[in-house]
Enquirer: 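Supplied in structure tokens, the structure appears directly below.
Numbers restart at 1 for each chain; the letters A, B, ... are given by sequence-line order, proteins then strands.
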Amino acid sequence: MPKSYSEINQKIKNGDVVVVTAEEMIKIVEDQGEQVAAEEIDVVTTGTFGPMCSSGAFLNFGHSDPPIKLEHVWLNEVHAYHGNAAVDCYIGVTRMADIKPFDYGGGNVIEDLVSRKSIRLRGTSYTTDCYPLEEIDTYFTIDDLNQAILCNPRNAYQKYVCAVNSTDKTIYTYMGKLLPNLGNAHYAGAGCLNPLCNDPDYETIGIGTRIFLGGGIGYVMGEGTQHDPKNGFGTLFLKGDLKQMKPEYLRGVNFEKYGPSMSVGVGIPIPILNENLARKTAIKDEDIETEVIDYGIPRRNRPVLRKVNYKELKSGKIDIDGKEVKVSSLSSLFYARKIANELKTWIEDGIFFLNPPAENLPTNTTYNPMKQVSELKFVKDLKKPAVTCFDDCDIKVVAEKIIEENTNHIVIIDKDRYLIGIVTSFDVTKAIARDKSHIKDIITKKVIIAKDNEPAEVAARRMKMNDISALPIINDEKQVIGIITSEELM
Amino acid sequence: MLPLAIIRDIDDYSKIINEILKYNITFNILKFTTGSSGVNLLLDVPEDKIKMITDALTQNKVVVNKKGRVIVDDDKCIDCGACLSLCPTDALYFDESLRLKFSYEKCIGCLICLDSCPRRAIEEM
Ligand code: SF4
Ligand code: SF4
């Protein structure tokens, strides 16, 4: 027997609604079957709590006297976006503070706001006849604002990938710290508790759906950015009144060498209108499949190393090519459960009602890559022949080559062209000044290299990060096949 | 067996191994990583040999880090788990209710977790 929203809401009013969490629903459907579950269970609650970079808040400060038309706004030294009316702004969670950039950001400002801490507002203006004030420097708390609206263009990913790093260096990403040689793995999302996993055809979650957001009440505004329903990577655009929210469920996070973000708590109730929804909300971790992706390769299409499901991910260890890799989450499962339970209590206590969406989320949109008008250049397009010397030659020979070939970098190789090291014109000058005659006295052996098929920009960043001006290029056999210098990259 | 902390060596890690092998003891390599500072080795060696080996390594210009440990600030921690996969000894782990726990006994002070926490809840002691 199908149920309606109004029947469920009547039960909430009467105090006899039956609510379970998505984790509890699994066993109920397993033991009693979809049909009985659909009759007995009215609502299944879901929850997730993880870093969601596409989040932020609209704030309205009210007018100053004399009035100011803010052109640039800083909240605790974090630049907020100002392209709206005079005293509106949008604080985005990934924006870094001008001071302590990697330790404090927009996410922390929002956490401090909901913690009712005092926030410094600094603003400048070009001034107009109607807005004569040039500068403002004041303090406020969330209670001093007219509106504080959390507005997140992309939250609550249906599922996400698992990240590893195959290179020989530790990398710092938005997926956390990834150790070299598949030393660890990170995933995100709450698996079977994830809201959209429990309504994969978006039958009940749509525009206007009332939800738990950051400890307060929020609404789904529609599909999130990069919504990718065909691949099971749906997303949601969410909003809610920040003034009602709790700092426990909106936490500023700062990923080392990546920057700030915010962990957002989202919980969505799924009304069990029919048997299909009973079956769908009984989804298990092992039914949710995602991919292990190599974040060591800095390209849009990163290599997929294997398929994996959330049961394996939650077990703490996965196998990659025979290697046991420790895996953990960036999302808190403890808080995901807490959210699903809190929402359950709200409904049982009769303070939260369900509503049908004004419109359903699209199920057929595609997620496209960026259109780039200039052609992507690779290292191989910009490389030039490397000027080389053997490792046993005299410094004088090296010096002559530098002059002859008008270069600053001599790549030192052995007879089979295997890379031994690199010598710069500066090294040679130093050697002559200090009366050294052997290459081995001046050679740099820890050479940072490039590969033919890497994008030129990636090689350029490597030079910048290491403060060097050339990278020898090697093939898969580790033989030198050229060099790329900062000159070619300019 | 007690851990000996991280050893950083820019040249060749076999030098370290050979040096330790001279003492004719068994030891475990708990972690081998390469970073911007060179090769990082986390070794587990018998307690009574620590001084001897430390001296030998220091003479070979190998940097031996003093054993340090970390603490987790529960007020800052959000039980995400971003540190968990990095800990070589399971000193950082989840209890049954999936809250982060830290075992001081298991921690060997490798500090690999230190910069992994997005809440800056892990601090060096
Ligand atoms: S320092 Fe951190 S990673 Fe290392 S053992 Fe202790 S808790 Fe684990
Ligand atoms: S990474 Fe930090 S916040 Fe996350 S569980 Fe570890 S200590 Fe807690």
Enquirer: If you count heavy-atom pairs under 4.5 Å between each of S329(A), A336(A), G316(A) and chain B, which one has the most?
Expert: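 Counting heavy-atom pairs under 4.5 Å, the top option is S329(A).
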Enquirer: Treating R337(A) as the side-chain partner and G47(A) as the backbone partner, does any N or O pair qualify as donor plus acceptor under 3.5 Å?
Expert: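 No, because the side chain of R337(A) does not come within donor-acceptor range (under 3.5 Å) of the backbone of G47(A).
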Enquirer: Please flag which part of F49(A) lies under 4.5 Å from any non-hydrogen atom of chain B: side chain, backbone, both or neither.
Expert: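 The side chain, not the backbone.
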Enquirer: Relative to chain B, which of D103(A), N466(A), N184(A), V327(A) shows the most heavy atom pairs under 4.5 Å?
Expert: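 Highest number of heavy-atom pairs under 4.5 Å: N184(A).
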Enquirer: Could you tell me which portion of S331(A) (side chain, backbone, both or neither) has an atom closer than 4.5 angstrom to a non-hydrogen atom of chain B?
Expert: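 Contact with chain B: backbone only.
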Enquirer: Report which part of N108(A) has an atom under 4.5 Å of a heavy atom belonging to chain B: side chain, backbone, both, or neither.
Expert: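 Neither part; nothing is under 4.5 Å.
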Enquirer: Is the shortest heavy-atom distance from the side chain of E123(B) to the side chain of K76(B) under 4.5 Å?
Expert: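 They are in contact (side-chain heavy atoms under 4.5 Å apart), so the answer is yes.
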Enquirer: Can a donor-acceptor pair be found, under 3.5 Å and without considering hydrogens, that links the side chain of H186(A) to the backbone of A82(B)?
Expert: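 Yes; at least one donor-acceptor contact below 3.5 Å.
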Enquirer: Pairs of donor and acceptor atoms involving the side chains of residues 100-111 of chain B, under 3.5 Å and at least two apart or interchain, shall be tabulated with distances.
Expert:
residue : atom : partner : partner atom : Å
K101(B) : NZ   : D95(B)  : OD2          : 3.3
S103(B) : OG   : K106(B) : N            : 3.1
Y104(B) : OH   : R69(B)  : NH1          : 3.2

Enquirer: Determine whether a donor-acceptor pair (N or O, by modelled atom type, separation under 3.5 Å) exists between the side chain of R462(A) and the backbone of I449(A).
Expert: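 Such a contact is found between R462(A) side chain and I449(A) backbone.
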Enquirer: Checking heavy atoms, do the side chain of A188(A), its backbone, both or neither come under 4.5 Å from chain B?
Expert: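 For A188(A), there is no contact with chain B at all, as no heavy atom is under 4.5 Å.
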Enquirer: Can you tell if the side chain of V164(A) reaches within under 4.5 Å of the side chain of Y295(A), non-hydrogen atoms only?
Expert: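 Not in contact.
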Enquirer: Find the one option among S263(A), G50(A), G252(A) whose heavy-atom pairs under 4.5 Å with chain B are most numerous.
Expert: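 That would be G252(A).
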Enquirer: Non-hydrogen atoms of chain B under 4.5 Å away: do they reach the side chain of S261(A), the backbone, both or neither?
Expert: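 For S261(A), there is no contact with chain B at all, as no heavy atom is under 4.5 Å.
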